[in-house]
Amino acid sequence: YHLAGQVAVTTSYENPKDDFHTNAYGSFLVADSGIPAIYMSTNKVYGDNVNDVPLKELDTRYDFDGDLAESGVHENFSIDSKKHTPYGTSKLVGELYIRENGGIANRCSCLYGPHQHGNVDQGWFSHFIFEKLRGNEITIFGDGKQVRDALYVDDLIDLLVLQGENIAELRGEFFNIGGGYENTISLLEFCEMLELPKVFGEWRPSDQKVYYSNINKAKERLGWSPKIGIKEGVERTKKWAESFYSEPSI
C-alpha cells in the first residue's frame, strides 16, 4: 500500500519541485521496486475538465447538470487537454508509474474520520470540527456552495483490503473512490450541521465547484459500497475530536 504523499494543492503551488519529488519521483521509486502497489491518487488528476461540466445552482449547493447529475465523475472522464494543478500533475505521474508496474490507483475524493488532523489546506472535515471545538469561525473560500462526496475511513479500509485480496485480477486498474452522490455535502451545509460560524474569502485557484465520484466500478468489480453515511461518520469523528481536544497536549 502506497499511502505517502504531499497532500495539498496550495503547497504544490508554493513549492512545485518538492511536490514533484515526493509524489512523482517518490512513486516512481515505489513502482521501480517491482512490488505492485495500491496507490492513493486524487480526483485532481482530472484537472480543469471538471469545471467545464454544466452546473446548476441551488439554495445551499451547486450540482452537476446533464449526464453527470446524481451520477458523478466516472473513470472514462478525460484527464487531457485542460489545466492541472502541480499537485494533480504529480499525482497523475505517480499513478501512471504505479499502474504500469502492475499496481492499482484510487482517485479519491474527500476522505475523513478519526485521527485526521486537518488544516485550511487539506482534511477539511476535521479542520471544521476542530475549529468548532475551539470556538472559532471558519473562513470559506468562495461562496460555500462547493460540493464534495465524503468517504469515512472505515469504508476506505474495507475497499483497500478487498483490492489487496484481488490484486492479481486488478493490476493496472484505477477506480474513482468517494462516498458517491448519496454522501455529498456542501461547505454551507456542513457549517449548518456543525452550527459553525463562517466568514468568506476569495476563491482559491483551481477549486472545483462540484466534484463527486461515480463509484459504480468499485461496486461492480469488488462488491464494495460505503456503509457509513455522513451523519454517522461526522458524529464518530466529532466524538474522537472531543476526546482528543480534552487531552492536555492540545
Side-chain angles (χ1 to χ4, degrees), residues 7-10 42-44 50-51 53 55-65 68-73 87 107-156 176-215 225-245 250:
V7 298
V9 171
T10 48
T42 172
N43 64 68
K44 294 297 189 290
V50 175
N51 291 327
V53 176
L55 301 180
K56 51 189 175 185
E57 185 173 358
L58 306 174
D59 289 342
T60 60
R61 61 163 58 194
Y62 297 107
D63 199 355
F64 289 134
D65 204 0
L68 298 189
E70 300 186 18
S71 173
V73 176
Y87 171 74
R107 295 176 177 175
C108 294
S109 188
C110 172
L111 308 174
Y112 74 104
H115 307 291
Q116 181 185 51
H117 298 272
N119 55 49
V120 69
D121 294 322
Q122 59 88 27
W124 65 277
F125 261 57
S126 62
H127 175 56
F128 278 37
I129 289 170
F130 273 117
E131 289 301 275
K132 170 66 176 179
L133 292 174
R134 293 176 179 125
N136 296 336
E137 62 187 13
I138 199 77
T139 298
I140 291 179
F141 299 98
D143 59 16
K145 293 187 178 183
Q146 302 98 302
V147 165
R148 298 292 185 269
D149 59 326
L151 181 65
Y152 189 71
V153 62
D154 287 12
D155 286 323
L156 173 65
N176 284 358
I177 296 301
Y181 179 72
E182 294 77 11
N183 291 295
T184 56
I185 194 167
S186 74
L187 302 184
L188 292 179
E189 292 163 355
F190 195 47
C191 286
E192 182 178 356
M193 178 186 290
L194 297 177
E195 299 181 343
L196 175 62
K198 57 191 177 297
V199 295
F200 295 91
E202 296 294 324
W203 286 90
R204 296 200 289 190
S206 303
D207 192 10
Q208 298 163 338
K209 287 186 174 179
V210 179
Y211 185 90
Y212 52 88
S213 307
N214 183 319
I215 56 176
S225 61
K227 298 174 183 175
I228 300 170
I230 283 182
K231 288 185 179 180
E232 181 182 352
V234 168
E235 284 304 310
R236 292 187 184 190
T237 307
K238 283 171 61 179
K239 287 181 180 179
W240 165 78
E242 289 164 357
S243 174
F244 182 84
Y245 188 81
I250 196 168

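From Ile215, atom CD1 reaches atom CG of Asp155 across 9.0 Å, with rounding to the nearest 0.5 Å. Interatomic distance, CG of Leu188 versus CG of Asp59, reported as 10.5 Å (0.5 Å rounding). Atom SG of Cys110 sits about 8.0 Å away from atom CD1 of Ile230, to the nearest 0.5 Å. Here CD of Glu235 is found 13.0 Å from CD1 of Ile228. Values are rounded to the nearest 0.5 Å.
Residues forming a salt bridge (charged side-chain N to carboxylate O under 4.0 Å, His left out) with Glu232 (at least two apart in sequence, or on another chain): Arg236.
Not one N or O on the side chain of Asn176 forms a donor-acceptor pair closer than 3.5 Å with the backbone of Asn214. In terms of modelled atom types and a separation under 3.5 Å, the side chain of Lys145 and the main chain of Ser186 share no donor-acceptor contact. With hydrogens and angles ignored, the 3.5 Å screen pairs no side-chain donor or acceptor of Gln116 with any backbone N or O of Thr237. Formation of a donor-acceptor pair under 3.5 Å by the Thr60 side chain with backbone atoms of Glu189 is not found in this model.
Side-chain contact between Val234 and Lys231 is absent, with no heavy atoms from C-beta onward closer than 4.5 Å. Phe141 is not listed as a side-chain neighbour of Leu187, based on a closest heavy-atom distance of 4.5 Å or more. Here the side chains of Val153 and Pro114 are in contact, with some heavy-atom distance below 4.5 Å. Phe200 is not listed as a side-chain neighbour of Thr139, based on a closest heavy-atom distance of 4.5 Å or more. Contact check for Val53 versus Val210: no side-chain heavy atoms found under the 4.5 Å cut-off. Taking the side chain as every heavy atom from C-beta outward, Asn43 and Arg148 never approach each other to under 4.5 Å.
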Full working for side chain to side chain donor-acceptor pair (under 3.5 Å) between Tyr212 and Asp63: CA-CA 9 Å; Tyr212 52 88; Asp63 199 355; 2.7 Å; yes

Checking side chain to side chain contact (heavy atoms under 4.5 Å, CB included) for the pair Phe64/Val147: CA distance, chi angles, key distance, verdict? CA-CA 10 Å; Phe64 289 134; Val147 165; over 6 Å; no

Can you list the steps and then say if Val73 with Gln208 is a side chain to side chain contact (heavy atoms under 4.5 Å, CB included)? CA-CA 12 Å; Val73 176; Gln208 298 163 338; over 6 Å; no

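Listed here is the closest heavy atom pair of Ser126 and Gly118: OG-N, 2.9 Å. Contact detail for Cys191 and Ile138: the closest heavy-atom pair is SG-CG2, 3.8 Å. Between Gly144 and Gln146, the closest heavy-atom pair is N-OE1, 2.9 Å. Closest non-hydrogen pair, Glu137 versus Val199, comes out as OE2-CG1, 3.3 Å. When all heavy atoms of Ile177 and Ser213 are compared, the pair lying nearest together is O-OG, 3.5 Å. Ile129 and Ala241 get closest at one heavy-atom pair: CG2-CB, 3.7 Å.
A side-chain N or O of Asp143 and one of Tyr62 form a donor-acceptor pair less than 3.5 Å apart.
For the pair Lys44 and Tyr87, the cation-pi test (distance below 6.0 Å, angle within 45°) is failed.
Between Glu242 and Lys239 there is no salt bridge, since no side-chain nitrogen of the basic residue lies less than 4.0 Å from a carboxylate oxygen of the acidic one. Using a cutoff of 4.0 Å between basic side-chain nitrogens and carboxylate oxygens, Asp149 and Arg61 are not scored as salt-bridged.
Each of Trp240, Phe125, Phe190, Phe128 was compared with Tyr112 under the ring-ring contact (aromatic ring centres under 6.0 Å, His included) criterion, and only Phe125 meets it.
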